[in-house]
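Okay, so here's the structure we're looking at.
Quick note on labels: first sequence line is chain A, next is B, and so on, each numbered from 1. Small disclaimer: the values here were computed from a predicted structure and weren't measured. What's counted below: heavy atoms across the whole structure, side chains too, no hydrogens, waters or symmetry copies.
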Amino acid sequence: MEYDFRKIEKQWQDIWNRDHAYRVSNDSPRPKYYVLDMFPYPSGAGLHVGHPLGYIASDIYARFKRLKGFNVLHPMGYDAFGLPAEQYAIEHGIHPAVSTQQNIENFRNQLNNIGFCFDWDREVRTCEPSYYKWTQWIFLQLFKSWYNRAAKRAESIETLVDIFKNQGSHSVAPQRKNLVFSAQEWNAFDHATREGILMDYRLAYCGFGEVNWCEALGTVLANDEVVNGVSERGGHPVVKKKLRQWYLRITEYADRLLEGLEQVDFSDAMKEMQTNWIGKSYGAEIDFSIKSEKGEVDSMRVYTTRPDTIFGVDFMVVAPELDWIEAIASAGQFEEVSRYIGYVRSRSERERQAEKKISGCFTGAYAINPFNGREIPIWISEYVLAGYGTGAIMGVPCGDERDFRFASHFHIPVTNIIGDFFNGEQANPTKDARLTNSDFLNGVVMRDAISIVNGKLEEMGIGTPKVNYRMRDAAFSRQRYWGEPFPIAWRQGVAYPLEEKELPLLLPEVDTYSPGPEGEGPLANIPQWVERELETNTMPGYAGSSWYFLRYMDPHNETAFCDRKVSDYWNQVDLYIGGTEHAVGHLLYSRMWTKVLFDLGYIGFEEPFKKLVNQGMIQGSSRFVYRAQLSAGGTDIKWDNIFVSAGIRERFEKGDLSPEQLFSRINLLVHGDSAPAGLPPGAEILLHPLHVDVNIVDGFQLDTKAFSKWKPEYANALFLLEQDGIYLCGSEVEKMSKSKFNTVNPDELVGKYGADTFRMYEMFLGPVEQSKPWDTKGIEGVHRFLRKLWRLFYDEQKGQVWTLDKAGAPEWKVIYRTIRKMEEDTERFSFNTGVSALMIGVNELSDLKCHKKEVLEKLLVILAPYAPHIAEELWHLLGNSGSILDAAYPAVEEIYLVESAKNYPIAINGKTRAEMNIALDATQLQVEAMVLENETVKKWLDGKAPKKIIYVKNKMVNVVI
RNA sequence: GCCCGGAUGGCGGAAUUGGUAGACGCGCCAGACUCAAAAUCUGGUUAUCGCAAGGUAGUGCAGGUUCAAUUCCUGUUCCGGGCACCA
């Protein structure tokens, strides 16, 4: 009886499906465990082998937990709104709902192929009205709430209105500069004014923000649609444009997002990334008065974390886009300033920060140092961003490397305020120096000077200590079609929320997916929509994905996003597996939404994910063919389809093969014997690497026949082959993507080797957290392992070989050692070593010729999370009736694993030279005596006495000479 | 540029707490079975010197701590991920 994986896998998938084997109840006496995968976007390209890595890991863990007696929730769904579907709609006129539906079906089939234990009854799709109804509903909660800083929590906006009504704004931190009013004043404000003020407090609010505006395309572009300042499609210029935008006031949650990190089990790297993203810093805002020709602007505000360096300020740098720059520019500098502002407008933030070339421009105005009246030139430069702090910094070249380079570049004299700590060549950011050239601060250690300066500034009324965050409020609107409509109507410039009973506000059909007027979204093209004065923006991709883990708990609820009783049962996600690319986006947004819903009493926990495991990326291993071409050096010889093998190319590039030799070999290939010889003068042979589909390459060897059929233009391809008559490809490790032809489709591998082999091989590749290149070659080893395992039960010739014989100690020892290793490794997500442990176990049982049911059935249970189909099949063939999905994880009988002695490595000066079998309970003295008797040790000692003998129980012995 | 990771045989990787570097698998080499091939099985496989016994070097690179370093510390190079409208 053969291992017929195709039949077995089909059969068991059908049975599990029929029996609803993966259905999960919200009501169970067993402890709950919630395993979550990151929400996939159903792309048209379908799955490649990189996608399922995390899903397989979580699937194994979910199955493992089920065997351990937990009620396990392991759902799957789709983050189905998004730009690619909309782009596809623009290009092909197909409604995004239609293409998305197709993509989802394709995805689902691919996922099912791999045999995941998803409870499909709980599937969610963010683009379904039944789902986005609740995204809109949560948005309304955000809109109707404010963050009460005193209570450190979100509250209904009504509580704020009450405060304003009764006490005015004094007790509430002002959101807008200089906006302070009394209760009487509030009550006298007209409706629009009040709404304008409340808008400054709402957790979801409207403001103005810059977008990438492409005039030629008449649309707003995503960052990755902009390359080097022009649109990716068409290469049109892109500039910044201010548009009305929705935002989420995530900055109010900055501190709680930081504190929450202490309660969750994320990697230190992940916590660090989030901490840095939030970027909390303690500093001061200082107002400097300005001296300019026109005198229109009297002061500027800078944010600094180092007020102690106030006497070392040699220049100011202001973000060029701040609106008061042109007002302070002197007549002589005005033109240059305008030109520089124009230049910066064309630059993305990323480019500005990454730019190595120092650029900037003097404004012609000066700031006055409040302590000594010194005139400080005000510059503008792209390295200062408007969005951080006040958009203006103090340039302290002796203490900051970037400031120092700026000063050197523009020949601005440097004031040394740190004495010997500054060498004139390099800035020194120390806080330990005693200040010099610093007036009343001379001799004070910098660290201590900070509070002295802050005190003085406050006394003078020109500065306040200030906590600052690098994180900005999250832009929450897109000028797009394929997203959730905002449940907001605008009347006379005031935003009104729709009634709850009006939800969902359905996304209307449109005739065209092209943008609306003035950079508005496509919804602005619909007269009925505009008539109803509905918001024309839609929500961004992360709207639906910020709360989906809650919907899985109670996916069909029509009266709430999730029943409180149900979320109380499932509570936090116990294990979340996903890539680090979501470190600061999705993970922060969903943590914020969870905190808001917690504050408002809709759920009972404020951190969504208890534990996070980051999966690495599977990279593609690209293959290249090399097309030969003659440069235009005065020749009319055209080679269209000559491909040179990688080995020949290598010799050519290294110079081992001359251009003439290569030319004549190619000529021979093209023309046969009657080849005209000689490279035309001035001509050069170029070998262009071209990506070739990895699926027609075996290792590095190209299937030349398949290549000729691959694309019509290669039909007549000629190949310059290696000596042994094969064509070798070049290779490189790159991101896996369709355009690089390096994607490998899991369906094909599943078809060829089965889902069980595929699952185990993905895990066997290496640690789940680590990125690694895909290589299909090794999959056969895993497949061989499963067949070897099968042979413990059934033999092709002999049929059944398993027996009911009683097992002996050596067999028990092997199986219990395997169980223990497997359990430990699975528990710590070390799935690759888990697979190895199984292989070792099967190798050892084969060596022992162990075919005993009582041993083998334990093996099947620990195998089941990794390779569920074969495990279930053999489980039943052994005569078990229930499903192995619900078997109990076998317990280890320690008695079989007790050892009395160990082979110790005996090292001389730390280098292993011998091995000795020593009893585990041996004492230091016994060991020393034994070791000194050892021949190898004697040889190395050469008659001398050892300096020391180190004996670490159960580890090693080291003889120091 | 800034933040976070990673680097070990021909390849993927193992070494869980500082204690036998290279488990397991691929590939390769040799052998068995076979008319032959496939499949399967057995043995070998870091480099280098040596007939062997055995020695020497070795975990990106340069240093350091230690009886002992892939593991800890300092510096450095290269590669990957993210940087706010891809999801």
- Note on the structure: In B/S/- notation (B base, S sugar-phosphate only, - none; protein heavy atoms under 4.0 Å), nucleotides 76-87 of chain B written 5' to 3' is ----SSSBBBSB
- Query: Do we see a donor-acceptor contact under 3.5 Å between the side chains of A:Glu2 and A:Trp790?
  - Reply: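 Their side chains do not contain a donor-acceptor pair, so the 3.5 Å distance test is not met.
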Describe the nucleic acid contact of [X] in one word from base, sugar-phosphate, nothing, applying a heavy-atom distance below 4.0 Å.
X        : result
A:Trp213 : nothing
A:Lys939 : sugar-phosphate
A:Arg352 : nothing
A:Asn843 : sugar-phosphate
A:Gln770 : sugar-phosphate
A:Ile840 : sugar-phosphate
A:Arg787 : sugar-phosphate

- Below 3.5 Å, does any donor atom in the side chain of A:Lys821 face an acceptor in the base of B:U16, or the other way round?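 Side chain to base: pair present.
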- Message: Taking atom types as they are modelled, would you say the side chain of A:Asn276 forms a donor-acceptor pair with the base of B:C3 within the 3.5 Å cutoff?
- Response: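 In this structure, the two groups form no donor-acceptor pair.
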To the nearest angstrom, how far is [X] atom [atom1] from [N] atom [atom2]?
X        : N     : atom1 : atom2 : value
A:Ile618 : B:G13 : CD1   : P     : 10 Å
A:Lys911 : B:A68 : NZ    : P     : 12 Å
A:Lys955 : B:A69 : NZ    : P     : 16 Å

For [X] and [Y], take the angle between the two ring planes, folded into 0 to 90°, and tell me which bin it lands in: parallel under 30, tilted 30 to 60, perpendicular over 60.
X        : Y        : value
A:Tyr548 : A:His586 : tilted
A:Phe5   : A:His783 : perpendicular
A:Tyr131 : A:Phe39  : tilted

Across all strands shown, which nucleotide pairs with [N] by Watson-Crick or G-U wobble geometry, both distances under 3.5 Å?
N     : answer
B:G18 : none
B:C28 : B:G44
B:G5  : B:C79

- Message: Suppose you measure atom C1' in B:C29 against the same atom in B:U16; what distance do you get, rounded to whole Å?
- Response: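 Rounded to whole Å, the distance is 35 Å.
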- Query: When rounded to the nearest Å, what value does the distance between C1' atoms of B:U70 and B:G60 take?
  - Reply: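 Pairwise C1' distance, B:U70 against B:G60, rounds to 12 Å.
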- Upstream residue (5' side of RNA chain B) when A:Gly766 and A:Glu780 are each assigned their closest nucleotide: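 Final value for this comparison: A:Gly766.
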- Could you tell me if the ring centre of A:Tyr576 sits under 6.0 Å from that of A:Phe549?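 No, they do not, as the ring centres are separated by 6.0 Å or more.
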- Are A:Trp246 and A:Phe486 close enough that their ring centres sit under 6.0 Å apart?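 Yes; A:Phe486 has its ring centre under 6.0 Å from that of A:Trp246.
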- In terms of side-chain geometry, is the basic nitrogen of A:Glu210 or A:Lys241 positioned less than 4.0 Å from the acidic oxygen of its partner?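 Salt bridge flag = no for A:Lys241 with A:Glu210.
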- Message: Would B:G75 be called syn or anti here, given the cut-off of 90° from 0?
- Response: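 Classified anti.
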